[in-house]
Q: 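The structure's right below; bear with me while I get my questions together.
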Protein chains: 2
Amino acid sequence: MCGVRMVRLSKLTDYASVILAQMARQPDVLWSAGQLSEDSSVPKPTCIKLLKLLVKSGVLNSTQGARGGYSLARPPSQIPVKTIIEAIEGPTAITECGTDETLCRLTDHCSVMSRWRELGDQVDHILTKTTLEDLISPHTLYARSDRRIETLEVH
Amino acid sequence: MCGVRMVRLSKLTDYASVILAQMARQPDVLWSAGQLSEDSSVPKPTCIKLLKLLVKSGVLNSTQGARGGYSLARPPSQIPVKTIIEAIEGPTAITECGTDETLCRLTDHCSVMSRWRELGDQVDHILTKTTLEDLISPHTLYARSDRRIETLEVH
DNA sequence: ATTATATAGGACTGAATAGGTCCTATATCA
DNA sequence: TGATATAGGACCTATTCAGTCCTATATAAT
């Protein structure tokens, strides 16, 4: 049968968001893994693992060698939280339905799955609109009129 | 540190939604576990486990004994998908932050967590508005103007 | 050149969770 | 009383998550 993952914020994604928030506050600094580990209190090995994942997914740039380190690849306002989640937890993709057609029509399984998929799309919409900038803002998401969750259009 | 679970649709919740959709199509039938297992192609032991969880959470009523079975406790329109998810996967509650205050102010961890929590609230809003009736509808969620995701108010 | 300091890219382990099964008890109907 | 159904567990296995560690490579300073 099918499996859908809509959103899941793991411990590691939590860590990553704290680390990224730290970096976003001083975007021009080249941060070493050690420094970020200290500031965020995320154990260094784990911190390094997260930084690698974030580089791999294009959220961070890295500079190798002595005096190297990490920096944001884009401004915080251009890093959706969806990107951060997917960098750490892998794609939130919806697995395709493998149910055979006869059974499908019998049980309406595919029909129900379509609705779940639409729900997933709505969640996706929220996670794409919300960015790292929002995460480090002292104001609530709701207070920012330009970032309110708007009515989705029929498509 | 903190852990947040926003939404997670597991395989078992997928199964449960199919079973509930089956029941919702004929709300007055008293369904046996065996019948539901056959119709949904969910293995019987697993099916039974799910039905028990749904009874425990108040989504289903059960009648014991011969000719017993299960039926919806409420009309499909009054069963939010959030309730279904929580019945199977447990509360999607947000764990409280255990970070001490000094560290918290240093790393802005609590501040970032507040934003994640707000995101979780938005997702919650969607999952509460969407019901079992929507899941079994042949029409997309978006096409139903009365169920569109509306702008959240500041609170 | 050499050394110290970083990141790159894996492999690997233990813990937690999810998925699935089974057993015994209890309630109801014929 | 026997057949049929749910109630409520215990239980096992597979998978995923969290966390650590090791070796290779790149850079800067000496």
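A note on names: the letters A, B, ... follow the listed sequences, proteins ahead of strands, and every chain is numbered from 1.
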Q: Quick one: pull up CG in A:Leu12 and SG in A:Cys47 and give me the separation to the nearest 0.5 Å.
A: 11.0 Å
Q: Which residues pass the side chain to side chain contact (heavy atoms under 4.5 Å, CB included) test with B:Gln35, sequence neighbours left out?
A: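 Side chain to side chain contact (heavy atoms under 4.5 Å, CB included) list for B:Gln35, sorted by chain: B:Trp31, B:Ser32, B:Asp39.
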Q: Would you kindly give the CG-to-P distance between A:Leu60 and C:dG9, to the nearest whole Å?
A: 14 Å
Q: Please tell me if A:Thr63 has a side-chain N or O lying less than 4.0 Å from either OP1 or OP2 of D:dT27.
A: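 No.
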Q: What integer distance in Å separates A:Tyr70:OH from D:dT27:P?
A: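 Roughly 14 Å, once rounded to whole Å.
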Q: How far does OG of A:Ser37 sit from CD of A:Gln22, to the nearest 0.5 angstrom?
A: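 Separation between the atoms: 11.0 Å.
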Q: When all nucleic acid strands are considered with a 4.0 Å heavy-atom cut-off, which category describes A:Gly69: base, sugar-phosphate, or nothing?
A: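 Touches sugar-phosphate only.
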Q: If I take atom CD1 from residue B:Ile79 and atom CG from residue B:Asp134, how far apart are they, to the nearest 0.5 angstrom?
A: 12.0 Å
Q: How long is the line joining CG of A:Leu36 and P of C:dA6, in whole Å?
A: 12 Å
Q: Find the distance B:Arg67:CZ to D:dT6:P and express it as a whole number of Å.
A: 14 Å
Q: Would you mind building the protein contact string for nucleotides 9-26 of chain D? One character per nucleotide, 5' to 3', B for base within reach (heavy atoms under 4.0 Å), S for sugar-phosphate only, - for untouched.
A: --------SBBB-----B
Q: Take the protein atom CG of B:Asp14 and the nucleotide atom C1' of C:dG19, then report the distance between them rounded to whole Å.
A: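 So the two atoms are 13 Å apart, to the nearest Å.
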Q: C:dA8 phosphate, OP1 or OP2: any side-chain N/O from A:Ser62 under 4.0 angstrom?
A: yes
Q: Test side chain to side chain contact (heavy atoms under 4.5 Å, CB included) on A:Leu127 and A:Thr83 and set out the steps.
A: CA-CA 8 Å; A:Leu127 297 178; A:Thr83 306; over 6 Å; no
Q: Is there a donor in the side chain of A:Glu89 and an acceptor in the side chain of A:Thr13, or the other way round, less than 3.5 Å apart?
A: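 Side chains of A:Glu89 and A:Thr13: pair found under 3.5 Å.
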Q: To the nearest Å, give me how far apart CG (B:Leu30) and C1' (D:dT6) are.
A: 11 Å
